[in-house]
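Below, read A as the first sequence line, B as the second, and so on, with proteins coming before strands; counting in each chain starts at 1.
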2 protein chains.
Amino acid sequence: METPVETTRERLLNVAEQRFGEGGYEGTSLRAITVAAAANIAAVNYHFGSKEALLRAAVARAMAPVNTERRRRLDQLEAGGPPTPEELIRAFIEPGLELVLRRGERGAVVARFIGRIAFDPSKRIRELYATESDPIERRYLAALQRALPQASPEAVAFGYVNMLGLLALHQSQALSPTPGAAGVGDPEDPGKLAENLVAFLVAAFDRGLRP
Amino acid sequence: METPVETTRERLLNVAEQRFGEGGYEGTSLRAITVAAAANIAAVNYHFGSKEALLRAAVARAMAPVNTERRRRLDQLEAGGPPTPEELIRAFIEPGLELVLRRGERGAVVARFIGRIAFDPSKRIRELYATESDPIERRYLAALQRALPQASPEAVAFGYVNMLGLLALHQSQALSPTPGAAGVGDPEDPGKLAENLVAFLVAAFDRGLRP
DNA sequence: GCATAGTTCAAACGGTCGTTTGAACTGGAG
DNA sequence: CTCCAGTTCAAACGACCGTTTGAACTATGC
């Protein structure tokens with residue numbers, strides 16, 4: 001087969017999601033990224049325009065498969081009867097965990113990167129993440145509301161924020177064993193983490209949302 | 001009464017928790033802090049020794065009343081019969097939300113700061129937060145395990161991490177209206193947020209932890 | 001008044017930051 | 001071979017970073 005040579009652009013994106021996920025946006029310098037990517041310092045501005053544009057491109061590339069899978073599952077669910085809360089929660093959580101965690105080291109790097117971005121309280125980064133995942137999130141919110149007609153819109157939004165936050169938490173802890181909290185980010189069986197998280201959230205949604 | 005003049009040291013701590021909470025540790029410069037505190041740039045190194053030491057001092061000061069209140073509640077609970085999961089969750093969440101949110105703007109600033117620190121995936125900052133809250137957290141973990149004897153230690157730790165994460169999430173969103181998720185960080189009634197969060201977590205702990 | 005410990009100050013230290021420049025290289029099209 | 005658009009490169013830009021210095025100020029005890 002032909003040799004799939006990594007372009008400078010791809011190497012920059014790979015290293016960016018590794019370093020940004022590890023040290024955060026402000027805590028990672030372009031020089032650290034370009035050195036690790038075996039690229040010239042000017043390459044970032046040539047290919048992306050700025051440091052922030054590199055972040056934006058990395059977020060878009062990392063989120064694309066997750067969003068695609070979520071859309072696919074949501075389509076499939078809504079094609080059948082009205083989905084249950086559990087089905088919706090599963091369709092949201094699993095693409096975020098399995099899809100990246102099942103891909104070994106590289107997948108965990110992507111997960112940590114996504115989690116850290118989704119997590120970040122900084123205004124600029126929050127907006128960046130929001131624009132990337134806004135449309136699909138609206139669909140989930142609406143579907144959740146239909147599945148939980150007895151809950152107020154505020155309660156559904158509250159549950160959704162919590163689901164998003166917990167997913168980001170466990171994503172950002174990929175590659176972080178956190179020995180105090182055993183079994184959480186168990187790299188041996190990411191599916192188990194997904195099951196635990198889904199069960200936790202289903203219980204909270206079903207009985208923990210005040211009307 | 002005597003005029004309670006704020007010392008330079010206090011002003012630095014006040015501004016530090018505001019700016020660190022807003023822009024993160026790496027994203028906030030000592031110059032920005034000292035200017036806002038009407039102090040000389042050298043004041044930080046004189047009073048604290050370094051930027052990181054300033055962060056450490058700010059974390060310690062902000063967490064102290066929360067930890068004290070948690071200890072007090074835990075003592076009180078354990079003086080009576082064996083506490084229920086709900087009582088334990090309440091004793092953990094409420095000091096983190098009410099104690100700071102009930103104090104107006106300043107309290108919200110402290111909450112955001114604590115939440116952001118507890119939230120931060122960076123190694124150095126995680127360790128800093130851990131040393132500050134480790135002893136009391138061990139007590140909570142042990143008490144939770146006793147209150148949930150049917151759950152495995154891994155499951156209890158998983159629930160605990162989620163509780164910690166959701167508290168940090170809502171703390172860090174103090175001062176952030178997040179219009180999409182209405183009612184979440186409602187500054188008008190922080191007690192309501194505490195109630196919602198406790199109910200959410202109690203349901204998850206009671207029925208969402210796999211054995 | 002004077003010494004002294006505590007605090008503040010302007011100024012500068014060496015380093016690193018994101019970004020820009022213009023020349024050098026690359027590989028395919030004409 | 002020539003040309004040229006695309007890419008890489010070393011070098012430098014001004015700005016800002018955390019930290020240090022040593023002198024100046026302040027207030028208290030003698």
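From one end of the helix from C:dG1-D:dC30 to C:dG30-D:dC1 to the other, with five pairs defining each end axis, the axis direction shifts by 20° (rounded to 10°).
Results of the side chain to side chain contact (heavy atoms under 4.5 Å, CB included) test with A:Val59 over A:Leu54, A:Ile117, A:Ile125, A:Ile114 single out A:Ile117 as the only residue that passes. Residue A:Pro121 forms a side chain to side chain contact (heavy atoms under 4.5 Å, CB included) with just one option from B:Gln173, B:Arg116, B:Arg112, and that option is B:Arg116.
Between A:Phe119 and B:Phe119, the two ring planes are parallel [angle under 30°; tilted spans 30° to 60°]. Ring geometry for B:Phe113 versus B:Phe20: interplanar angle under 30°, hence parallel rather than tilted (30 to 60°).
Put simply, A:His47 has a side-chain N or O that comes within less than 4.0 Å of OP1 or OP2 on D:dT8. In terms of phosphate contacts, A:Thr8 brings a side-chain nitrogen or oxygen within less than 4.0 Å of OP1 or OP2 of D:dT8.
To the nearest angstrom, C1' of D:dG18 lies 14 Å from CG of B:Leu55. Atom-to-atom, OH of A:Tyr46 to C1' of C:dA24 comes out at 14 Å; the value is rounded to the nearest Å. To the nearest angstrom, P of D:dG18 lies 16 Å from CZ of B:Arg56.
A donor-acceptor contact closer than 3.5 angstrom links the side chains of A:Arg61 and A:Asn14. No side-chain donor from either of B:Asn196 and A:Glu154 sits under 3.5 Å from a side-chain acceptor of the other.
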In B/S/- notation (B base, S sugar-phosphate only, - none; protein heavy atoms under 4.0 Å), nucleotides 14-20 of chain C written 5' to 3' is ---BBBB
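In A:Arg106, the CZ atom is crowded: over 12 heavy atoms of neighbouring residues, nucleotides or ligands sit closer than 6.0 Å.
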Please determine whether side-chain contact (heavy atoms from CB on, under 4.5 Å) holds for the pair B:Arg70 and B:Tyr140, giving the CA-CA distance in whole Å, both sets of side-chain angles, and the decisive distance to 0.1 Å.
CA-CA 9 Å; B:Arg70 282 185 181 152; B:Tyr140 270 99; 3.7 Å; yes
